[in-house]
Amino acid sequence: MLDRKDLLGLEGVGREEILEILDTAKGFVDIPQRTVKKVPALRGFTVVNAFYESSTRTRTSFEIAAKRLSADTINFAASSSSVSKGETLLDTAKNLMAMAPDCIILRHQLSGAAHFLSTQVTCHVVNAGDGTHEHPTQGLLDAFTIREKKGAFEGLKVTIVGDILHSRVARSNIHGLSTLGANVTLCAPPTLIPVAVERLGVRVEHSLDRAVAGADVVMALRVQKERMEGGYFPSPQEYFELYGLTNARMKGADRECIVMHPGPMNRGLEIASEVADGPRSVILEQVSNGVAVRMAVLYLLVVGRKTRETAD
Amino acid sequence: MPMKPKKKLLDEAAVARTVHRIASQILEHHPDPATLALVGVHTRGVPLAKRIVKVLESLGAKKVPVGALDITLYRDDLTTIAANPVVKETTLGFSVDGRMVVLVDDVLFTGRTTRAALDALLDWGRPARIQLAVLVDRGHRELPIQADYTGKIVPTTREENVEVRLKEIDGEDAIWVMERDHA
């Protein structure tokens with residue numbers, strides 16, 4: 001049972017906890033098909049979306065998730081708020097707390113920001129991406145999508161290709177999928193692989209063909225140009241030539257292999273349109289599943305917590 | 001609190017007879033079952049609804065759709081109950097708009113589950129009519145809710161519990177009255 005105040009990362013989250021979130025999310029998938037696309041579970045609760053980095057998909061996904069649970073949502077974007085006037089994260093947090101929210105969803109450019117916030121506020125904190133550290137709900141929705149398509153995780157060959165170095169999605173997926181029993185392979189040029197990443201129990205492979213061979217799941221990651229200050233690879237053309245997912249490169253994968261991407265995509269850089277829009281692609285399903293998984297996280301954290309307080 | 005069996009109310013044959021009687025009563029009220037649909041409330045209402053539909057079809061009704069409803073997210077005690085209940089899937093598979101829907105549950109007690117089920121069902125559309133069928137009515141209502149089809153009325157004390165056991169879930173068909181185990 002998910003027994004925690006915050007969801008800051010998938011590192012250290014147990015198999016049972018992850019499976020409980022995925023099982024709960026299953027019960028939320030059908031809600032958009034109803035005449036009334038919401039349930040009253042979080043009626044009277046307030047969820048704050050605090051986004052210090054630009055985001056369309058994740059912010060919208062969290063907002064829809066909270067609204068479908070009948071929570072009140074407040075959106076707070078750093079560019080249009082007092083943050084641009086120089087307020088620190090701590091001061092912003094204290095001011096947000098004065099409005100008595102039940103949960104804060106935080107997206108921040110600095111690794112560890114969500115952890116810091118969680119030590120300063122009494123409400124729940126969900127990390128919606130902190131720097132290059134973790135993006136746990138993305139890891140969970142990827143796991144959910146993989147389970148929908150593959151049934152189980154044990155022994156599944158998952159290959160993550162691309163900018164691992166800057167990717168919080170990769171870190172959450174490595175922790176989550178390894179905990180669930182999948183075999184994770186990372187593939188990128190040496191400049192985009194973090195030092196000593198093998199310690200997390202993954203295989204590192206610099207040749208895309210070898211990494212894709214026999215894979216059940218191939219996940220392409222966005223090349224995060226905004227986080228790159230130096231030259232990590234000679235040219236976009238060369239990167240695409242060596243690490244871009246094309247139909248030809250996917251030939252060595254398992255026949256039933258699915259292709260994932262956390263978005264937004266750089267078409268023609270890490271993935272070709274023929275793959276992104278092809279029959280193996282589950283990229284848009286990832287987006288729909290994201291809402292259900294985030295509903296499950298909000299529901300389990302917020303309702304579960306109240307439950308424990310009254311039980312004590 | 002631990003509970004122990006006090007008295008067996010119905011055995012397998014009696015459960016089967018009761019299900020049969022509920023089905024006949026439903027058919028009596030709906031001589032034209034074309035717009036009829038049954039919706040079981042998780043957990044034990046689901047196999048019960050399926051059994052009633054089986055009897056309905058054996059009595060001549062053509063294909064009656066049957067769905068499953070999870071009411072967890074509609075409970076009024078979500079923030080106070082001891083254990084965080086597991087959210088199960090709601091699978092209706094048909095539109096409730098304009099249908100005669102019979103909600104099926106195992107035990108009618110405070111009426112709060114039924115209230116939640118009504119709210120959940122209405123979020124799926126606008127049925128022409130909703131009725132309620134229960135295997136056992138044990139009294140102690142806290143809301144103005146009554147069943148349209150009742151298998152058995154069982155007077156109980158609040159300290160007791162009524163446990164419906166079904167083969168699909170529990171491996172046997174029986175209804176037990178349970179009491180507190182002070183031992």
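From a predicted model like this one, the values you see are computed outputs, not experimental measurements. Just so we're on the same page: letters track the sequence lines, and every chain starts at 1.
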Side chain / backbone / both / neither for A:Lys38 at chain B, heavy atoms under 4.5 Å: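 The answer is the backbone of A:Lys38.
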
Using a strict threshold of under 4.0 Å (side-chain N to carboxylate O), is an ion pair present between [Y] and [X]?
| X | Y | answer |
| --- | --- | --- |
| A:Lys149 | A:Glu256 | no |
| A:Glu20 | A:Arg4 | no |
| B:Glu168 | B:Arg44 | no |

Highest number of heavy-atom pairs under 4.5 Å with chain B: which of A:Leu69, A:Thr24, A:Val29, A:Thr35? A:Thr35

Under a 4.5 Å cutoff for heavy-atom pairs, which residue among A:Asp23, A:Ile31, A:Val39 has the most contacts with chain B?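 Among the listed options, the one with the most contacts to chain B is A:Val39.
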
Are any of the side-chain heavy atoms of B:Glu57 and B:Lys63 separated by less than 4.5 Å?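 Yes, close enough: below the 4.5 Å cut-off.
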
